[in-house]
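Before any comments, here is the structure.
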Amino acid sequence: MQTIAIIDYGMGNLHSAAKAFEHVAGNAKIIVTHEAEKILKADRVVLPGVGAIRDCIAEIKRLGVDKVVAECIQSKPFLGVCVGMQALMSFSEENNGTECLNFFSGEVKFFGTNLHDSHGERLKIPHMGWNQVQQKSNHPLWRDIKQSSRFYFVHSYYVQAAEQSVVQGECEYGLPFAAAIGRDNVFAVQFHPEKSAHAGLQLLQNFSQWNGDGV
Amino acid sequence: MGLAKRIIPCLDVDNGRVVKGVQFVDIRDAGDPIEVARRYDEQGADEITFLDITASAHDRETMVHVVEAVASQVFIPLTVGGGIRTVDDVRRMLNAGADKVSINTAAVFNPDFVREASEKFGAQCIVVAIDAKRVSAENEAPRWEIFTHGGRKPTGIDAIEWAKKMVQLGAGEILLTSMDRDGTREGFDLALTRAISDAVTVPVIASGGVGSLQHLAAGVTEGKADAVLAASIFHFGEHTVAQAKAVMAQAGIEVRDE
């Protein structure tokens with residue numbers, strides 16, 4: 001039986017993510033933990049995250065999760081979600097500038113308070129709700145998910161990857177941004193698959209079956 | 001194409017049971033929050049809001065279990081309101097699987113609570129519920145004030161200023177209810193909705209007064225709401241969420257229909 005470890009570093013509720021995995025990966029054991037030994041032994045690893053990035057990175061480092069992530073990211077299917085995606089970038093503008101884990105080059109930027117859509121309508125921040133994700137690749141995690149499906153987003157900062165080649169999915173909210181990035185065995189999404197009904201559950205199921213090969 | 005406007009069915013829950021007589025054809029237990037939430041999920045609801053109307057604090061623990069159970073089976077965002085008064089109340093609901101909590105009266109009596117909760121858990125999960133009533137005469141420029149206790153007690157606080165203040169303190173979203181329209185089925189107070197939506201940077205959910213699907217569409221097109229919340233028109237089987245989305249789409253509103 002495979003094990004999926006959801007890294008718990010004290011930022012936010014992981015109940016829904018765990019339940020969503022239990023729902024789609026019936027024969028997997030889902031563990032929610034920050035213990036290095038358990039995470040390193042798991043077959044797959046999920047890095048979630050909500051709230052302010054500075055607090056997230058601080059807790060990740062305090063608990064030694066950064067070292068565990070560094071090791072897992074080299075070796076097994078790895079999924080970052082929301083702030084868990086942002087944490088993988090080099091740097092975030094949030095909290096007057098926060099150094100992140102730097103597994104992907106690129107920055108996390110603020111949407112700004114003067115954002116408009118193509119019709120000139122003012123856009124609210126946070127970007128909250130169901131938006132379309134343009135799949136940029138045939139990545140295994142997109143399997144059986146229709147092109148341009150909607151996923152649930154809630155965030156005020158967005159990822160701008162330095163290399164376009166890692167962008168697996170793009171979304172538009174006043175400006176285009178990376179909704180999903182991936183390289184080798186690592187995939188990360190800005191939206192919340194555990195809250196995105198069918199499309200989100202399909203992505204989690206795909207992750208639970210993914211061998212870690214990229215596109 | 002872009003962000004869809006959201007439709008949010010709202011369920012009143014008393015001591016763990018859905019009340020106000022939800023009526024679906026062929027539902028086994030119309031009082032079961034899980035079953036009702038699942039129905040709305042199947043119809044395409046974009047989120048679900050639970051309003052805990054349980055009177056005693058002791059019985060409120062029941063709501064935590066309701067949220068846990070629903071969050072284990074329904075994978076769309078859940079908001080919980082009613083009786084959220086302390087940081088610990090917020091934490092318990094989020095840990096149970098709620099994505100957002102809605103703070104109402106507690107914000108009026110202790111605005112700092114909004115700041116505290118937002119700093120602790122992030123603005124994305126803090127909804128401030130505003131109950132507003134028009135206080136200006138018909139021939140005057142419209143002015144609305146915050147009311148508490150189900151619209152009975154005036155506070156003297158201007159609704160627009162209050163909304164701005166709540167956002168400053170860390171509200172990530174505003175749930176705006178017109179106490180003049182609530183329960184009337186005459187439609188949202190569109191002037192109020194528009195005034196608040198224009199005044200704040202965060203999304204606004206319109207609520208109070210929905211009697212037809214056209215009312216939902218008007219909340220977005222004229223009220224500039226980012227989401228619309230309704231209870232009775234969905235509960236009594238008059239209309240499904242899918243029908244609401246069809247009407248909204250016809251009005252040129254972008255909706256999630258998949």
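These numbers come from the heavy atoms of this one structure, side chains and all, not from hydrogens, waters or symmetry mates. Numbers restart at 1 for each chain; the letters A, B, ... are given by sequence-line order, proteins then strands.
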> What is the minimum heavy-atom distance between B:I76 and A:A197, and which atoms define it?
Replying inline: CG2-CB, 3.9 Å
>> Working note: A:S156 + B:Q124, criterion side chain to side chain contact (heavy atoms under 4.5 Å, CB included); need CA distance, chi angles, decisive distance, verdict.
In response: CA-CA 9 Å; A:S156 302; B:Q124 82 288 339; over 6 Å; no
> Counting only N and O atoms by type, is there a donor-acceptor contact under 3.5 Å from the side chain of A:R150 to the main-chain atoms of B:G2?
Replying inline: yes
> Side chain, backbone, both or neither: which part of B:S197 has a non-hydrogen atom closer than 4.5 Å to chain A?
Replying inline: both
> How close do B:T201 and A:R122 get, heavy atom to heavy atom, and via which atoms?
Replying inline: CA-NH1, 3.8 Å
> Is it the case that more than 12 heavy atoms not belonging to A:N211 sit under 6.0 Å from its CG atom?
Replying inline: yes
>> Can you tell whether the side chains of B:E173 and A:K124 come within less than 4.0 Å, N to carboxylate O?
In response: no
> So which of B:E254, B:R91, B:Q73 has the largest heavy-atom pair count under 4.5 angstrom toward chain A?
Replying inline: B:E254
> Which heavy atom of B:P77 sits nearest a heavy atom of A:W130, and at what distance?
Replying inline: CD-CZ2, 4.1 Å
> Side chain, backbone, both or neither: which part of B:A123 has a non-hydrogen atom closer than 4.5 Å to chain A?
Replying inline: neither
> Heavy-atom distance under 4.5 Å between the side chains of A:H127 and B:L3, does that happen here?
Replying inline: yes
> Would you say the side chain of A:H198 lies within less than 4.5 Å of the side chain of B:F75, judging by non-hydrogen atoms?
Replying inline: no
> Among A:V154, A:L201, A:T113, which residue forms the greatest number of heavy-atom pairs with chain B at distances under 4.5 Å?
Replying inline: A:L201
>> Using every non-hydrogen atom in the two residues, find where B:G172 and A:P126 come nearest and quote the distance to one decimal.
In response: O-CD, 3.5 Å
>> Counting only non-hydrogen atoms closer than 4.5 Å, can you tell me which residues of residues 77-87 of chain A sit against chain B?
In response: none
> So which of A:H23, A:E22, A:E172, A:H192 has the largest heavy-atom pair count under 4.5 angstrom toward chain B?
Replying inline: A:H23
>> Taking 4.5 Å as the heavy-atom cut-off, does anything in residues 49-60 of chain A contact chain B, and if so which residues?
In response: A:V50, A:G51
>> What part of B:E68 gets within 4.5 angstrom of chain A, counting heavy atoms only: side chain, backbone, both, or neither?
In response: both
> Side chain, backbone, both or neither: which part of B:V255 has an atom under 4.5 Å from a heavy atom of chain A?
Replying inline: backbone
>> What part of A:S16 gets within 4.5 angstrom of chain B, counting heavy atoms only: side chain, backbone, both, or neither?
In response: both
>> For the CD atom on A:E37, are there more than 12 heavy atoms of other groups (residues, nucleotides or ligands in this structure) within a distance under 6.0 Å?
In response: no
>> Let's go through B:R256 and A:Q132 carefully: what are the C-alpha distance in whole Å and the side-chain angles of both, what is the deciding distance for side chain to side chain contact (heavy atoms under 4.5 Å, CB included) to 0.1 Å, and is it a yes or a no?
In response: CA-CA 9 Å; B:R256 174 178 75 109; A:Q132 291 179 303; over 6 Å; no
> Which pair of non-hydrogen atoms, one from B:R6 and one from A:G129, has the smallest distance, and what is that distance?
Replying inline: CD-CA, 4.0 Å
> Considering only heavy atoms from C-beta outward, does the side chain of A:K195 approach that of B:L78 to under 4.5 Å?
Replying inline: yes
>> Report which part of B:A227 has an atom under 4.5 Å of a heavy atom belonging to chain A: side chain, backbone, both, or neither.
In response: neither
>> Which atoms of B:D46 are under 4.5 Å from chain A, going by heavy atoms: the side chain, the backbone, both sets, or neither?
In response: both
>> For B:Q250, I'd like to know if atom CD has over 12 heavy atoms of other residues, nucleotides or ligands within 6.0 Å.
In response: no
